[in-house]
Amino acid sequence: MMAMAMAKSTPFAFTPLHLRSRIQQQQHHHNANFPQFKYLAPSPHNPFFLLNVSPSSQFRPFFAFPRQRPNFAIKALDSDAANQESVHVGKNESYQQWDSLTAKFSAAANFPFLLLQMPQIILNARNLLSGNKLALSAVPWLGMLTSLLGNLSLLSYFAKKREKEAMVVQTLGVVSTYVVLVQLALAETMPLPYFLATSVVVISGLVLNFLNYFGILNAGIWRFWEDFITIGGLSVLPQIMWSTFVPYVPNSILPGATSFVIAVLAVTLARTGKLSEKGVKFVGGISGWTATLLFMWMPVSQMWTNYLNPENMKGLSAFSMLLAMLGNGLMLPRALLIRDFMWFTGSVWATLFYGYGNIACLYYLNIISKEFFLSATVGLISFIGTAFWRDSVVHGYSSPSASLRDLVFGS
């Protein structure tokens, strides 16, 4: 009973003896001068959450809890807009400058991509004006349609992430590809029903994406559009991959038809609540990944063609491949900064295997000069190296490999 009474009368009954005496001295001098705890916010110089007492008290214990590292990883499959904002670490001046510069790099990618498509558009216009419609049959409308679907899917992905500069790049891709399809329809090399259906999809896609970007689109309509591009992308990708190796494999629509059934089933299960939360996120990220894989397959198809017909490499423009390398390479720093693994993967693949890979093939076949090849090599390595180094600096890492680790595995 005496112990209980002592515990009730002494607030710090279980405080160590040497601290208890100091508290009792403080209470003896002034009972009102009781220690007041306060929260000290963490800062770049203070990486702990501190629980301290007011300076007026001589008793100043503190309890330090190490702050958890912020989760910089942005999961590509988790495409919810609320989770896809750009990462701002500490919002220091160095980070903000690099954030602004990488956004400008992404915007600058429009110029190489526009120059890449313009020669084809101009050539098609000349052939149409001269009445040479047969020349446009050399442009495969099915391949252009696949590229268009990829651009639309990525436009939806970046619109949901509020990545304005990347949206502009994809919009430019949609518009420029659609212009080529208009020319092919005028030349009657693309069937009219396919062109009309494509036109409806393009116009609807552009309108819906920009309405969603500005937050004035009904959520149900957006979900329907997401389901549409998910099913479309997942159906087209396996069929394109299969068709690349015809006639070494049988000419069949079975891959596309099978994927279509799987895609419809997956979307239906996700929308009816039959999947777990992770399953729903996985289905939600399919459209972005299928679009990325479509673009990643382009260099594979090109290199397969180069392997089968090396002589055809003479008709490949080194300048066009340089533009492809520049356009995709300019988006690498931004994808790395916001920890978007999907975007980074697609950009790296296209930069190395489509742009630089074809330049290497051209050099190997003595079609371009050694100086051209070495300039492209040094420029590419320097740019990527600088991007990783700068990213590690603004995140406070000692090594660029830490940025890569965060990108792949999260933090």
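Residues take their numbers from the sequence shown, with the count starting at 1.
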Can you confirm whether [X] sits close enough to [Y] that some side-chain heavy atom of one is under 4.5 Å from a side-chain heavy atom of the other?
X: Met321; Y: Tyr354; answer: yes
X: Tyr213; Y: Leu155; answer: no
X: Tyr356; Y: Phe373; answer: yes
X: Thr146; Y: Trp297; answer: no
X: Lys161; Y: Ile338; answer: yes
X: Gln97; Y: Leu101; answer: no
X: Met144; Y: Gln183; answer: no
X: Leu380; Y: Leu352; answer: yes

Within a 6.0 Å radius of atom [atom1] on [X], are there more than 12 heavy atoms belonging to other residues, nucleotides or ligands?
X: Tyr194; atom1: OH; result: no
X: Arg271; atom1: CZ; result: yes
X: Leu134; atom1: CG; result: no
X: Leu374; atom1: CG; result: yes
X: Phe245; atom1: CZ; result: yes

Can you tell me how far the [atom1] atom of [X] sits from the [atom2] atom of [Y], to the nearest 0.5 Å?
X: Trp225; Y: Phe228; atom1: CH2; atom2: CZ; value: 6.0 Å
X: Leu211; Y: Ile221; atom1: CG; atom2: CD1; value: 8.5 Å
X: Asn124; Y: Asn132; atom1: CG; atom2: CG; value: 10.5 Å
X: Ile367; Y: Phe372; atom1: CD1; atom2: CZ; value: 12.0 Å
X: Thr290; Y: Ile229; atom1: OG1; atom2: CD1; value: 7.5 Å
X: Asn127; Y: Ile122; atom1: CG; atom2: CD1; value: 12.0 Å

Sidechain-backbone polar pair: [X] side chain, [Y] backbone, donor-acceptor under 3.5 Å:
X: Trp349; Y: Met296; answer: yes
X: Gln239; Y: Gly256; answer: yes
X: Ser204; Y: Val201; answer: no
X: Trp242; Y: Asn251; answer: no
X: Thr189; Y: Leu184; answer: yes
X: Glu226; Y: Gly284; answer: no
X: Asp391; Y: Ala387; answer: no
X: Asn328; Y: Ala324; answer: yes
X: Ser382; Y: Gly379; answer: no
X: Thr102; Y: Asp99; answer: yes

Of all the heavy-atom pairs spanning [X] and [Y], show the shortest one and how long it is.
X: Ile359; Y: Ile368; value: O-CD1, 3.4 Å
X: Ser235; Y: Ser259; value: CA-CB, 4.0 Å
X: Val169; Y: Ala109; value: CG2-CB, 4.2 Å
X: Thr268; Y: Thr272; value: O-OG1, 2.7 Å
X: Leu208; Y: Trp222; value: O-CZ3, 3.9 Å
X: Ala187; Y: Leu128; value: CB-CD2, 3.9 Å

For side-chain contact (heavy atoms from CB on, under 4.5 Å), just list the numbers for Leu116 and Phe319, CA-CA rounded to whole Å, side-chain angles, deciding distance to a tenth of an Å, and then say yes or no.
-> CA-CA 9 Å; Leu116 192 61; Phe319 182 66; over 6 Å; no
Could you go step by step and tell me if Tyr363 and Thr377 meet the side-chain contact (heavy atoms from CB on, under 4.5 Å) rule?
-> CA-CA 11 Å; Tyr363 173 70; Thr377 302; over 6 Å; no
Angle class for the Phe195/Tyr178 ring planes (parallel below 30°, perpendicular above 60°, tilted otherwise)?
->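 The rings of Phe195 and Tyr178 lie parallel, inter-plane angle below 30°.
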Taking it one step at a time, do Gln120 and Thr177 satisfy side-chain contact (heavy atoms from CB on, under 4.5 Å)?
-> CA-CA 10 Å; Gln120 186 66 60; Thr177 304; over 6 Å; no
State whether a side-chain donor-acceptor pair under 3.5 Å links Ser94 with Arg390.
->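 Present: a donor and an acceptor within the cut-off.
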So, Trp304 versus Thr244: side-chain donor-acceptor pair below 3.5 Å or not?
->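 Looking only at side-chain atoms, Thr244 and Trp304 do not form any donor-acceptor pair under 3.5 Å.
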Stepwise, does the side-chain contact (heavy atoms from CB on, under 4.5 Å) test hold for Leu332 with Phe344?
-> CA-CA 6 Å; Leu332 285 178; Phe344 183 84; 4.1 Å; yes
Centroid-to-centroid, Tyr157 to Trp343, below 6.0 Å?
->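 Not under 6.0 Å, so no.
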